[in-house]
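In what follows, chains are A, B, ... by sequence order, proteins preceding strands, each numbered from 1.
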Number of protein chains: 2
Amino acid sequence: MTEADDVEINRQHAEKKARIKAARDRMMAEKIVEKGLLIVHSGNGKGKSSAAFGMALRCLGWGMRVGVVQFIKGDRPTGEKLFFNRFPELCRFVSMGEGFTWETQDRVRDIAAARAAWAEAVAMLQDPGFDFVLLDELNIALRYDYLALDEVLAALQAKLPAQHVVITGRNAKPELLELADLATEMTLLKHPFRQGVKPQRGIEF
Amino acid sequence: MTEADDVEINRQHAEKKARIKAARDRMMAEKIVEKGLLIVHSGNGKGKSSAAFGMALRCLGWGMRVGVVQFIKGDRPTGEKLFFNRFPELCRFVSMGEGFTWETQDRVRDIAAARAAWAEAVAMLQDPGFDFVLLDELNIALRYDYLALDEVLAALQAKLPAQHVVITGRNAKPELLELADLATEMTLLKHPFRQGVKPQRGIEF
């Protein structure tokens, strides 16, 4: 390729990108609304809770105030729990679950833990002291009917308008997805469990 | 429902969960391998970079050492950049991109920025001082042929065995997915741009 060819390729690139930027600028000029979003991460892939914690990290960077309620996880040390214990001034972090349902094997205790977690969540949804509220694995508590869907939807509709709320867990209820502003499905393409790899610190927990 | 019904429901629940736990324990007993994973987050949904930052947060909780190289983003303040600037002791954070390709409109500068970012990445992949390395938007640099795929694959195959590496961005190359231990596709279900909502702090950046 000659130098002249290269100059021509670069010129065409700049022209094409200028057209893309103009189109994008027009599109973005219409995006003027600021509002607290209701966000749902569902699907059977990894990354639902991780993506919510990543948003929490971004919020902390901007000096926003973060609250986290964990509904199901909770009996074992996790990276997120250790992180927020290390920086307790950054976040109100409440881990109310006593482990997955197959660990506790106790429906009455699971329901009591879910209801206690929900009481914490409701308080955060009405508290202007929280710009970002993460309700981790709330979908699981809804799936097992540990909480009443109507009650949860009503509290989410009544949340503070500027507050962002993220809800994670498999099998999100269709009514919740309907209410959401932003919903992402994490789809499994490949998982290391198939290679006999165990859950590892920093990745799975 | 009588009290006796309730007792019976709880008994059945405990039995079922005990069976699930036994099956799960058998499955997990086979997961004995510990290894540094090559992880890819792709797809057109949100959450690819967020989930990687969430894993970084978990790693920080465990006291693991984290390195981040951002390939494309980089010209504007972001929550993640502000976060790691606030806690510089937690992470080596390098943001080499000068913005999206439609912003720079300069292929020569984009290629130079991608190659400089890649040099940082290669150094981290060989440095036992990093337990977790995030190569944010590397897929974009590969898609535009700013970096040679063979060179990238060879460096990833030669990475330190205990190190976890996460690569994000749309349109992951099939050869990269082939090499990955863990791959997740983030699928868009619903996006607030459709309601005229603009990108907001803590959520999009």
Atom group of [X] that falls short of 4.5 Å from chain B, counting heavy atoms:
{"X": "L38(A)", "result": "neither"}
{"X": "R201(A)", "result": "both"}
{"X": "F205(A)", "result": "both"}
{"X": "D181(A)", "result": "both"}

Value rounded to 0.5 Å, distance of [atom1] in [X] from [atom2] in [Y]:
{"X": "F87(B)", "Y": "F93(B)", "atom1": "CZ", "atom2": "CZ", "result": "14.0 Å"}
{"X": "E80(A)", "Y": "C59(B)", "atom1": "CD", "atom2": "SG", "result": "11.0 Å"}
{"X": "T78(B)", "Y": "D136(B)", "atom1": "OG1", "atom2": "CG", "result": "9.0 Å"}

Looking only at heavy atoms and a cut-off of under 4.5 Å, which of [options] has the most pairs with chain A?
{"options": "G47(B), P199(B), P192(B)", "result": "P192(B)"}
{"options": "V40(B), L60(B), N10(B), L57(B)", "result": "L57(B)"}
{"options": "G45(B), A56(B), A14(B)", "result": "A14(B)"}
{"options": "P77(B), G43(B), A183(B)", "result": "A183(B)"}
{"options": "N85(B), L82(B), D106(B)", "result": "L82(B)"}
{"options": "F83(B), F84(B), W62(B), F53(B)", "result": "W62(B)"}

State, without any angle test, whether [X] and [Y] hold a side-chain donor-acceptor pair at a distance under 3.5 Å.
{"X": "Q195(B)", "Y": "K35(A)", "value": "yes"}
{"X": "E204(B)", "Y": "Q200(B)", "value": "no"}
{"X": "Q105(B)", "Y": "E15(A)", "value": "no"}
{"X": "R170(B)", "Y": "S42(B)", "value": "no"}
{"X": "T187(B)", "Y": "E185(A)", "value": "no"}

Contact class of [X] relative to chain A, heavy atoms under 4.5 angstrom:
{"X": "M64(B)", "result": "side chain"}
{"X": "M28(B)", "result": "side chain"}
{"X": "L37(B)", "result": "side chain"}
{"X": "H164(B)", "result": "side chain"}
{"X": "L177(B)", "result": "both"}

With a 4.5 Å cut-off on heavy-atom pairs, point out which of [options] contacts chain B the most.
{"options": "M27(A), R86(A), K16(A), H41(A)", "value": "R86(A)"}
{"options": "G54(A), S49(A), G196(A)", "value": "G196(A)"}
{"options": "A180(A), G63(A), G61(A), S50(A)", "value": "S50(A)"}

Treating K46(B) as the side-chain partner and A51(A) as the backbone partner, does any N or O pair qualify as donor plus acceptor under 3.5 Å?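 Answer holds: no.
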
Quick check: does any side chain N or O of Q70(B) sit under 3.5 Å from a backbone N or O of L134(B), one acting as donor and the other as acceptor?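 Such a contact is absent between Q70(B) side chain and L134(B) backbone.
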
Do NZ/NE/NH1/NH2 and the carboxylate oxygens of E151(B) and R115(B) come within less than 4.0 Å? yes

